[in-house]
Structure formats: structure tokens, C-alpha cells
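Since we're looking at a predicted model, the values are computed, not measured.
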Amino acid sequence: MARSAGGPASFRPSPGSIPESPGVYRFRDPGDRVIYVGKAKNLRQRLNSYFADFAGLHPRTQTMLTTAAGVDWTVVGTEVEALQLEYSWIKEYDPRFNVKYRDDKSYPYLAVTMGEEFPRVQVLRGAKRKGTRYFGPYSHAWAIRETVDLLLRVFPIRSCSTGVFRRAGQVGRPCLLGYIDKCSAPCVGRISPEDHRTLAEDFCDFMAGNTGRFVRRLEREMARAAAEQEYERAARLRDDIQALRRAMEKQAVVLGDNTDCDVVALAEDPLEAAVQVFYVRGGRIRGQRGWVVDKVEETGPGELVERFLLQIYGDAAAEAVPREVLVPTLPSDADAIAELLGEHRGGRVEIRVPQRGDKRDLLTTVERNAAEALRQHKLKRASDLTSRSRALQEVADALGLDQAPLRIECYDVSHMQGTDVVASMVVFEDGLARKSEYRRFSVRTTGGDVASIHEVISRRFKRYLEERSATGELDVEMGAEPGADPEAGAEPGIDPGAGAGQGIDPETGRPRKFAYPPNLVVVDGGPAQAAAARRALDELGVDDVAVCGLAKRLEEVWLPDEELPVILPRASEALYLLQRVRDEAHRFAITYHRSKRSRSVRESALDGVPGLGPARRQALIKHFGSVKRLREATAAQICEVPGIGPATAETIVSALKDESS
């Protein structure tokens with residue numbers, strides 16, 4: 001083992017000391033705690049990659065290496081053994097730099113306590129108990145209760161608590177469910193323990209997917225009762241059959257009757273990932289469950305899938321491992337993982353990516369659920385006041401600000417190969433999006449993103465200075481030509497809401513569009529974009545607003561005139577906040593750009609028509625819906641558009657005909 005406290009180079013194993021065999025390795029910190037566990041087909045090749053080019057490693061890997069003080073390894077015979085040992089060590093040591101999945105919420109299960117003398121059906125969460133059969137998990141407890149309420153008509157097993165059960169036995173009178181025939185009342189001896197257990201086993205068989213035999217049995221009994229003119233009993237059996245069918249309808253049929261599989265999908269961003277699983281048994285979706293994970297190490301989709309399969313199925317009961325696992329991306333060691341899961345299950349397990357058909361469609365549905373789960377997780381995290389306060393203070397500390405940036409503005413530029421260039425401005429106050437303050441810009445400058453950032457920042461803060469001058473806060477107007485409108489071309493996103501103080505327009509009672517300055521300006525980009533924003537502010541004499549750039553590739557924070565970026569911890573609330581601000585600016589810019597590009601594409605065919613201005617072009621597109629339908633219209637039909645006369649209609653028909661020919 002190599003060990004030292006002097007950085008990665010000081011504990012690098014000596015040349016030739018690392019075997020070329022498969023194995024598992026552990027990095028330890030100066031306190032001898034394991035901080036990372038990994039596996040490799042070739043230990044020498046894998047470990048040498050950590051030390052060959054430290055500067056070229058991902059920042060997260062660099063952090064792990066600078067935290068470590070030593071590395072050791074264990075040689076194994078096969079890849080399957082490496083997987084087993086890696087999983088055992090991760091479970092034993094809980095290393096801080098390994099991916100760890102956690103439930104994004106506590107999922108409810110339908111449970112039947114078969115270990116009790118009188119089995120009870122109930123909704124349970126948390127750790128599973130011995131002697132209890134579980135079905136699910138379900139996304140909502142109410143979905144379980146609806147199903148149970150339907151099934152208790154046919155399988156009237158106990159659903160009361162231990163206290164209620166004992167009290168009913170003491171007084172010799174069952175609870176309400178016993179009187180309405182939704183419980184067989186074993187508490188007062190109406191049914192023997194053996195017959196009640198048979199009911200519970202039938203209930204479990206139905207939930208496990210063996211539904212057909214129960215429906216057929218009730219149909220035979222109903223026909224027999226009707227033949228014997230026992231019409232009331234036949235009517236009750238008819239209602240029981242309908243209850244079973246409604247319960248079956250709540251479990252959607254998605255695949256063939258004999259299909260047992262788990263469908264796994266993930267959604268990720270540079271900091272976190274969300275995983276969703278749909279459990280399909282007998283062709284029906286029997287439950288779903290979700291996890292989230294902080295990406296504290298550099299991981300791709302394949303490795304995320306691998307870690308998930310090992311962690312989730314490693315401790316599961318053998319019957320919980322399905323015959324088939326559908327995944328969005330195959331892990332690099334798919335065959336070894338399938339073999340390991342097969343040994344655990346006691347039968348063959350297949351891991352594959354569906355390419356077409358119903359399974360591909362179902363995977364797409366699960367992917368949408370994963371994306372929504374990630375979005376909801378981020379919203380929940382963003383709404384936490386403590387996390388927001390910590391994020392703002394961490395940003396202030398990292399950037400050297402005097403106080404927490406209570407108002408942050410972020411700018412992003414969007415274009416298509418230099419055409420239809422637009423920019424967005426989004427505003428976060430106290431760590432939350434303030435959409436009424438969003439603004440969007442049509443960029444006039446040509447010359448790339450750097451020039452566009454300079455233009456947009458200049459226009460925004462010229463308007464700010466004008467607003468201050470209008471309220472008497474500035475004695476002299478700065479950076480604006482008399483009579484000019486430096487914000488021409490800027491369009492509001494959503495009308496501002498109410499405000500207070502000097503930023504209020506006395507005529508409308510609303511906040512002025514650009515009256516409030518930010519504490520921090522964030523631009524989407526690296527050092528060049530950050531420098532352009534700082535230069536624009538300096539030219540206007542604005543020296544009380546901080547500037548930084550956030551580069552997408554490595555999530556580096558760049559300060560103007562600094563040679564090296566600020567590297568925020570991957571799990572920090574500060575980086576999470578800045579990333580969310582940047583992503584929102586990107587989304588808003590993309591939305592505006594698509595709208596503008598679509599509008600220009602629709603109207604470009606009419607640009608050259610003499611006498612046709614913007615208003616009438618827009619009226620034509622609104623009336624016909626598209627240029628294609630307008631091209632198919634006759635002159636008489638075009639005349640139906642308000643403001644279009646016969647001569648103009650003929651000109652339009654001729655122009656569109658010439659263009660298409």
C-alpha cells in the first residue's frame with residue numbers, strides 16, 4: 001500500500017508495483033478513513049490514470065486525490081468477484097466520494113402480515129418486516145386504500161389495528177367493517193384462523209397477478225346462484241366481480257401477460273441525478289419508486305446505472321430481482337452485473353436497452369417521470385429557507401462579497417449560427433426566481449457572445465442609470481444620449497408586479513422596469529464573458545455590482561481579471577444556486593429565440609411583397625395559420641383578411657407563386 005500526507009504525488013505507488021489483474025482499490029484520507037472505492041479490469045492501468053496527468057483530471061477527481069493520503073488494492077479472479085467486493089466495501093465504509101442513492105421520499109407499500117395468526121392488510125412505509133408480504137411501492141397511499149377497499153368485498157380479511165382487534169374480542173362485537181361485510185370478523189370467531197389465512201393467501205395471489213382464476217370462480221358461482229333463483233346472492237357476486245375488475249383496471253396493462261421486468265430510467269444534470277423504476281409483473285405496472293443522488297464523483301449514465309443496479313438489488317430479496325431489467329444505457333460491465341444478479345436471484349437475469357415497441361414506449365414514459373422527479377426535487381430544495389440562506393452566504397464568501405447577494409441577475413445569449421441573436425435576463429431575489437422581473441433582448445451587435453454580453457449589460461445598466469436620474473438619485477445622467485432610448489428592442493417577459501420605494505413609477509404605481517440594481521451579475525460563460533460584463537459596467541461608472549461567469553463544461557466560476565477560476569464544492573448550496581440561475585437564464589433565452597426564429601421563418605416569405613407591412617403580414621399568418629396554407633389560398637380567400645384588397649391579394653398570390661416555382 002502507498003501512504004503519505006504530502007499530496008497525490010507523494011503516495012503514488014512505485015512503478016511496476018501495481019498488478020495488471022482485476023481488482024478493487026481504496027483511497028484513504030490521513031485519518032485512515034476510506035473515501036473512495038473503485039474496481040478495475042486492470043488495476044495498474046486504472047490507478048496510473050489517477051497520477052499520470054493530475055491537471056487533466058475532472059475537478060471532483062482532483063478533490064478526491066488531494067483529500068486522500070494513500071491507496072491500497074485487492075486482487076480478485078474475475079469481474080464478478082470485483083463487483084461483489086466493490087459493493088461490499090462501499091456498503092461497509094460508506095465512502096464520501098462514491099455515488100449513493102437515496103429515496104426521494106418514503107414510498108408506501110401494501111402489506112399483508114402473514115406472520116400473524118390473523119393476517120392484517122395495511123399500508124406500510126420504511127424498512128420491511130420479516131413475515132410480511134409487500135406489494136408496490138405505490139406513489140400515493142390513497143391509491144392503495146382505494147384498491148384495498150374494492151378487494152375487501154371479495155377477500156374480507158382483517159384490516160384493523162391490534163388494539164381495535166383486541167377490544168372487539170373483549171366486548172364480543174365487531175367493528176363497522178364486520179357489519180358491512182368488508183371484514184370476516186375473526187375477532188369474534190365468525191371465521192376460523194385457517195379459513196381467514198386462506199382468504200389472506202387468496203388476497204396475496206390476486207395482488208401478485210393471478211387475477212383470472214378469481215374472476216372465473218365468481219362468474220361460475222353467480223351463474224349457479226342465478227340458475228337456483230338465488231337472485232340476491234347472484235347480485236352480490238355480480239358486484240364482487242365488478243369490484244375485482246375495477247381493482248384490475250387500476251393496474252395498467254402495459255406488456256404481455258407473462259412479462260416480469262423492472263424499467264429503469266434516469267434524468268441528470270451536472271450536480272444531481274434522479275432515477276425512477278416501474279415494476280412490471282404479469283404485464284401490469286405493480287408499483288413505482290424513485291431515488292436521487294448527488295454526483296460527488298465524475299460519472300456518466302452507464303456508471304450511474306451500474307451503481308444503481310448494485311445498490312438497489314444487492315440487498316433485495318431473491319424474489320425482488322426480476323428476470324429482465326430494462327435500462328436507458330448499458331453499463332460497461334453489463335454481463336458481469338447480469339451474472340451477479342442472476343446468482344442472487346437464482347435464475348437468469350437479462351439487462352438490456354429496449355430499441356422499439358411497447359418496452360421502448362414504456363421506458364420513454366419512465367424517463368419523463370424521472371425528469372419530473374428531478375424537477376420537483378430541485379424545486380423542493382430551492383424552497384428551503386435554510387438552504388437558500390446558506391447558498392447566498394456561500395456565494396458571498398466564495399466571491400469575496402461584503403454581503404450576501406440578495407438580488408442576482410443572470411444573462412444568457414442564444415442564437416442559431418449567428419442569426420436571430422437574443423439574450424435573456426432572469427432575476428433571483430433571496431434565492432428564488434422573480435419572474436415578473438425577467439427581461440429579454442433582441443441583440444443588434446454582431447461579433448459573437450462576448451460582444452452580445454457587452455451590449456446587453458450596457459443597455460440594461462444605461463436604463464438603470466436613467467431610472468435613477470428620473471427619480472432624482474443622480475444629479476447628472478450617465479451613459480445616455482439626450483432623447484435616446486437605450487433599451488429599444490428590449491421586451492418584458494411578464495408585467496412587473498407591485499413594488500415600493502424610489503423604483504415606483506408615479507403614473508402607473510408599478511415598479512420601473514430597470515430601477516433596481518443587482519448585487520451580483522452572473523453571465524453564462526467563462527473569463528471572456530465575465531470580462532466583457534465588467535468592462536460594460538466600468539464604462540458606465542457602475543462600481544457597486546459584482547460580476548462572475550459560470551462555465552458549463554466544468555461548472556467553474558470565473559471572476560473578471562482572474563487567471564484561475566473559483567472552484568466551488570460539488571455538493572455546495574452555492575454552486576447549486578448559481579447553476580439553477582444559469583439554467584433558468586438559458587431556458588428563458590432559448591424560449592425567446594425559438595419564438596423569434598419561428599416568427600421570422602413564417603413571415604420571411606412575405607417580406608418581399610410590395611405594400612405589405614408587418615401588421616398585415618401578421619394578420620395573414622394569423623388568418624391562415626401558416627405560409628403553406630396561404631400559398632394554397634386564392635386571391636378571393638386572401639381578400640377575406642381585414643386590410644387586404646383585391647390588388648394586394650393578387651400581388652401576394654403572384655409573389656408566393658414565383659417563390660415556389
Side-chain angles (χ1 to χ4, degrees), residues 269-270 399 405 407-428 433-435 437-464 479 485-494 513-514 517-540 542 545-562 565 575 577-601:
D269 62 23
L399 303 185
R407 180 180 171 110
I408 300 174
E409 292 181 2
C410 185
Y411 298 81
D412 184 35
V413 175
S414 180
H415 57 84
M416 178 66 74
Q417 296 180 344
T419 62
D420 292 325
V421 183
V422 301
S424 66
M425 176 188 104
V426 302
V427 179
F428 276 59
R434 188 175 175 86
K435 293 191 176 183
E437 299 288 322
Y438 286 13
R439 296 292 179 264
R440 53 193 189 184
F441 301 81
S442 292
V443 178
R444 313 180 190 114
T445 303
T446 58
D449 289 355
V450 173
S452 298
I453 287 290
H454 182 274
E455 177 195 328
V456 170
I457 297 294
S458 298
R459 287 165 57 185
R460 184 267 184 266
F461 282 91
K462 279 182 182 178
R463 188 61 174 267
Y464 159 62
D485 180 9
E487 185 42 36
E491 305 176 18
I494 303 173
K513 290 182 180 178
F514 294 95
N519 304 106
L520 174 65
V521 165
V522 180
V523 294
D524 181 18
Q529 285 82 357
R534 181 74 268 169
R535 188 170 67 254
L537 293 174
D538 291 342
E539 291 169 357
L540 295 172
V542 178
V545 176
V547 175
C548 73
L550 182 59
K552 282 190 180 73
R553 189 173 69 88
L554 296 177
E555 303 296 333
E556 298 167 333
V557 180
W558 290 90
L559 298 176
D561 304 322
E562 294 289 339
L575 183 57
L577 172 61
L578 291 179
Q579 184 203 38
R580 189 158 47 88
V581 171
R582 189 269 318 280
D583 290 347
E584 178 68 354
H586 183 66
R587 180 200 65 79
F588 194 53
I590 286 290
T591 301
Y592 180 37
H593 177 258
R594 287 174 178 168
S595 172
K596 185 176 181 181
R597 190 175 76 236
S598 176
R599 187 166 63 246
S600 65
V601 169

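- At least one side-chain heavy atom of C548 sits under 4.5 Å from a side-chain heavy atom of V522.
- In this structure, R407 pairs ionically with E409, as a charged nitrogen and a carboxylate oxygen lie closer than 4.0 Å.
- Residue L520 holds its CG atom at 12.5 Å from CZ of F428, rounded to the nearest 0.5 Å.
- Taking the charged nitrogens against the carboxylate oxygens, D538 and R534 do have a contact shorter than 4.0 Å, which makes a salt bridge.
- When each of I453, V450, D449, L550 is paired with V523, the side-chain contact (heavy atoms from CB on, under 4.5 Å) condition holds for I453 and for no other.
- Between V547 and A533, the closest heavy-atom pair is CG1-CB, 3.8 Å.
- The structure places CD of Q529 at 11.0 Å from CH2 of W558, a figure rounded to the nearest 0.5 Å.
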Candidate pair V443 and V456, rule side chain to side chain contact (heavy atoms under 4.5 Å, CB included), full reasoning: CA-CA 7 Å; V443 178; V456 170; 4.0 Å; yes
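- Using a 4.5 Å cut-off on side-chain heavy atoms (C-beta onward), R460 and R439 make no contact.
- Side-chain N/O atoms of E584 and Y438 include a donor and acceptor closer than 3.5 Å.
- Using a distance-only test at 3.5 Å, with no hydrogens or angles considered, no donor-acceptor pair links the side chain of E455 to the main chain of S452.
- How far OG of S424 is from CZ of R440: 10.5 Å, rounded to the nearest 0.5 Å.
- Annotation for R459 and F441: closest pair NH2-CD2, 3.8 Å, computed over non-hydrogen atoms.
- At least one side-chain heavy atom of L559 sits less than 4.5 Å from a side-chain heavy atom of L399.
- Atom OG in S414 sits 3.5 Å away from atom CD1 in I590 (nearest 0.5 Å).
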Evaluation steps, side chain to side chain contact (heavy atoms under 4.5 Å, CB included), between R582 and D412: CA-CA 8 Å; R582 189 269 318 280; D412 184 35; over 6 Å; no
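- Across every non-hydrogen atom of P560 and A530, the tightest pair is CG-O, 3.8 Å.
- You'll find the side chain of V521 reaches within 4.5 Å of the side chain of F461, heavy atoms only.
- A distance of 8.5 Å separates CZ of R535 from OG of S458, quoted to the nearest 0.5 Å.
- Scanning all heavy atoms of the two residues, the minimum distance from A536 to I457 falls at CB-CG2, 3.8 Å.
- The two atoms that bring P405 and I408 nearest to each other are O-CG1, 3.6 Å, heavy atoms only.
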